[in-house]
Amino acid sequence: MASEERSSLSAGVESHRAPVRSGWKKAVHQFKQQNLPACKPVLTPAWVITTYFLIGVLFIPIGFISLRASMGVVEIVDRYDTECVPNSYKSDKVAYVKDMSVSKNCTRYLKVKKRMKAPIYVYYELDNYYQNHRRYVKSRNEQQLLHGLRYNSTSSCRPLELNKGLPIVPCGLVAWSLFNDSYSFSRGAEKLNVNRKNIAWQSDRDHKFGKKVHPFNFQNGTLIGGGKLDSRIPLSDQEDLIVWMRTAALPSFRKLYGRIEEDLDEDDVVIVNLLNNYNTYSFGGKKKIVLSTSSWLGGRNNFLGMTYILVGASSMFIALVFLLLHVKSSRLPAM
């Protein structure tokens, strides 16, 4: 009798558990196989034609507005790397830039063809310079830039990790190749001051370069790559370096040098006194100096406006073609 009572009791428990288990499985199944609500528009000819037409109506005006803003930017571009080489070194420009006994001073004259309103941005432009090369980009250490000598694991900076057994701050090829041409500007006898503050991203100054990290053992080797750094100034205030360390994605790029905060009138002649130090001759690079105003879209960039116009015009053309096909091939109502 006792065994019969136990079997009946266990059967009751199992029968009680079975619905719970099956209910749980059913809920999981319903969750996995749920049918979510979705919008399934019916693409009728009227909807398609109207959509393309509206895209054209919207994009074409935006394109013309963007293009007008871009065309309003006044820009002066001057290539100086070939003109600033003495005639005796024209056939061997690499020897010229490496010869420290030869003066690197050069004077360029830039004529303002249209009034330029302040601020006028000064850029240096480099062509055929691959800052996006994998080995070049990896040759730096973010932790060292932020913490300095307190961070010793700098193997990523090879081959410019150590010099004479001492660490280099900042280490790596990117910092070592810092651009070191310099410019000064005047308009006749009047000197044009260039504001070189706040040319780097604030996020870089505040979060990527240490406020208490100073250059150490930098450019002290036998092979000098580019510019030198003042060891008394922390990296967070060395904005030339910060701008340079934000590597470019394309082989032709511009980097901000400073701002002229005075208007330049039409037909003014800007005299540029520069030092042609940076070696772009060994790899066939080009150097240019650029003076540019800006608009609400930034610098001159006709590509954005032209793209909007092209997409808008293409949409209008497609809408017209679809409309003609729809009118031509529309079904006649049944009699």
Closest heavy-atom pair, S236 versus K211, reported as atoms and distance to 0.1 Å, is OG-CA, 3.4 Å

*Side chains of Y136 and T247: donor-acceptor distance under 3.5 Å anywhere?*
no

Backbone N or O of A249 within a donor-acceptor pair of the N132 side chain at under 3.5 Å?
yes

Fill in: Flag, side chain of R205 to backbone of E239, donor-acceptor distance under 3.5 Å
no

| query | Under 4.5 Å between side-chain heavy atoms, hopping through other hydrophobics if needed: is there a path connecting L324 to I49? | reply | no

Q: Before giving the answer on side chain to side chain contact (heavy atoms under 4.5 Å, CB included), spell out for Y278 and S177 the whole-Å C-alpha distance, their side-chain angles and the decisive distance to 0.1 Å.
A: CA-CA 9 Å; Y278 201 70; S177 60; 3.8 Å; yes

In short, S231 meets H214 closest at the heavy-atom pair O-CD2, 3.2 Å

> Take atom OH in Y52; do more than 12 heavy atoms of anything else shown fall under 6.0 Å from it?
Replying inline: no

Are any of the side-chain nitrogens in D78 or R108 under 4.0 Å away from the carboxylate oxygens of its partner? yes

Residues G258 and V194: closest non-hydrogen pair is CA-CG1, 3.8 Å

All heavy atoms of L229 vs all of P170, minimum pair found to be CD1-CD, 3.8 Å

Look only at the side chain of Q238 and the backbone of I233, and say whether a donor-acceptor pair between them is shorter than 3.5 Å.
yes

Check: Counting only heavy atoms not in R135, do more than 12 sit closer than 6.0 Å to its CZ atom?
Finding: yes

Nearest heavy-atom approach of R140 to L145 is NH2-CD1, 4.1 Å

Does the separation of the ring centres of Y129 and F283 fall below 6.0 angstrom? yes

Quick one: do the N302 and S70 side chains pair a donor with an acceptor below 3.5 Å? yes

Item checked: Over 12 foreign heavy atoms within 6.0 Å of CZ, R246 -> yes

Side chains of I289 and Y183: does their closest heavy-atom pair fall under 4.5 Å?
-> yes

Check: Between R196 and D240, is there a side-chain N and carboxylate O pair less than 4.0 Å apart?
Finding: yes

Step-by-step side chain to side chain contact (heavy atoms under 4.5 Å, CB included) determination, Q219 to K228: CA-CA 6 Å; Q219 299 286 23; K228 296 189 176 183; 4.0 Å; yes

Quiz item: Hey, are the side chains of V122 and R259 touching, using non-hydrogen atoms and a 4.5 Å cut-off?
Solution: no

Cluster link Y80 to V85, ILVMFWY, side chain under 4.5 Å: no

Item to check | Any I60 side-chain heavy atom under 4.5 Å of M316 side chain | outcome: yes

In this structure, CZ of F216 is separated from CG of N163 (nearest 0.5 Å) by 10.0 Å

Apply salt bridge (charged side-chain N to carboxylate O under 4.0 Å, His left out) to K111 and D268, showing your working. CA-CA 6 Å; K111 186 174 181 180; D268 279 352; over 6 Å; no

Can you find a heavy atom in the side chain of L162 that is under 4.5 Å from one in the side chain of L166? no

query = Does the pair R300/E75 count as a salt bridge with the N-to-O cut at 4.0 Å?
reply = no

- Does the S295 side chain pair with the main chain of V73, one donor and one acceptor, at a distance under 3.5 Å? no

One should read off an interatomic distance between D92 CG and K98 NZ, to the nearest 0.5 angstrom, of 9.0 Å

CD1 (I224) and CE (M100) are apart, to the nearest 0.5 Å, by 9.5 Å

- Query: Do the side-chain N and O atoms of N276 and K287 include a donor-acceptor pair separated by under 3.5 angstrom?
  - Reply: yes

- Check: V174 main-chain N/O paired with W244 side-chain donor or acceptor under 3.5 Å: yes

Open item on the list: Using only atom types and a distance under 3.5 Å, with no angle test, would you say the side chain of D81 pairs donor to acceptor with the backbone of K286?
Closed with: no

Rounded to the nearest 0.5 Å, the CD atom of Q144 sits from the CD atom of E161 at a distance of 9.0 Å

Next item on the list: Kindly check if the number of other-residue, nucleotide or ligand heavy atoms within 6.0 Å of CZ (F53) is above 12?
Entry: no

*E262 bridged to R187 by N-O distance under 4.0 Å*: yes

Checklist entry - Less than 4.5 Å apart, any side-chain heavy atom of E266 and any of K113? => result no

Are L126 and V290 linked, directly or through intermediate hydrophobic residues, by side-chain heavy-atom contacts shorter than 4.5 Å (ILVMFWY only)? no

Q.
Assess, by modelled atom type and distance only, whether the side chains of D127 and S252 contain a donor and an acceptor separated by less than 3.5 Å.
A. yes

Here the gap from Y96 atom OH to D99 atom CG, rounded to the nearest 0.5 Å, amounts to 10.0 Å

Note to self: Taking V102's backbone N and O only, do any of them form a donor-acceptor pair with K104's side chain (distance below 3.5 Å, no angle check)?
What the structure shows: yes

So for atom NZ, which belongs to K197, do other residues, nucleotides or ligands contribute more than 12 heavy atoms lying within a distance under 6.0 Å?
no

Q. Can you list the steps and then say if L146 with F209 is a side chain to side chain contact (heavy atoms under 4.5 Å, CB included)?
A. CA-CA 5 Å; L146 191 59; F209 292 81; over 6 Å; no

Note: C84 and L274 closest approach over all heavy atoms is SG-CD1, 4.0 Å

query = Just by modelled atom types, is the L304 backbone N or O under 3.5 Å from a matching donor or acceptor in the S66 side chain?
reply = no

Donor-acceptor contact present, side-chain E261 to main-chain P119, <3.5 Å: no

**Request:** State, without any angle test, whether D181 and Y257 hold a side-chain donor-acceptor pair at a distance under 3.5 Å.
**Result:** no

When rounded to the nearest 0.5 Å, the distance separating CG of N105 from OG1 of T107 is 7.5 Å

* To do: Look at atom CD of E190 and say whether more than 12 heavy atoms of other residues, nucleotides or ligands are closer to it than 6.0 Å.
  => yes

Give the cluster check for F179 versus L275: same hydrophobic cluster or not, with ILVMFWY residues linked at side-chain heavy-atom distances below 4.5 Å. no

Does either side chain, that of N141 or that of T154, offer a donor lying less than 3.5 Å from an acceptor on the other one?
no

Count I, L, V, M, F, W, Y as connected when their side-chain heavy atoms are under 4.5 Å apart, and connections chain through other members. Are Y121 and M116 then in the same cluster? no

Query raised in the report: Hey, does L58 have a side-chain heavy atom less than 4.5 Å from the side chain of I55?
Result: no

So side chain to side chain donor-acceptor pair (under 3.5 Å) across residues 307-324, not counting sequence neighbours, yields none

**Asked** Should R115 and D265 be marked as a salt bridge (charged side-chain N to carboxylate O under 4.0 Å, His left out) after you check the CA-CA gap, both sets of side-chain angles, and the distance that decides it?
**Response** CA-CA 5 Å; R115 178 178 172 81; D265 297 322; 2.4 Å; yes

>> When you compare the side chain of L110 with that of V269, does any pair of heavy atoms fall below 4.5 Å?
In response: no

A side-chain contact here means heavy atoms from C-beta on lying under 4.5 Å apart; do L264 and V270 qualify? yes

Is there a side chain to side chain contact (heavy atoms under 4.5 Å, CB included) between I260 and F185 once you walk through the steps?
CA-CA 9 Å; I260 298 174; F185 302 86; 4.2 Å; yes

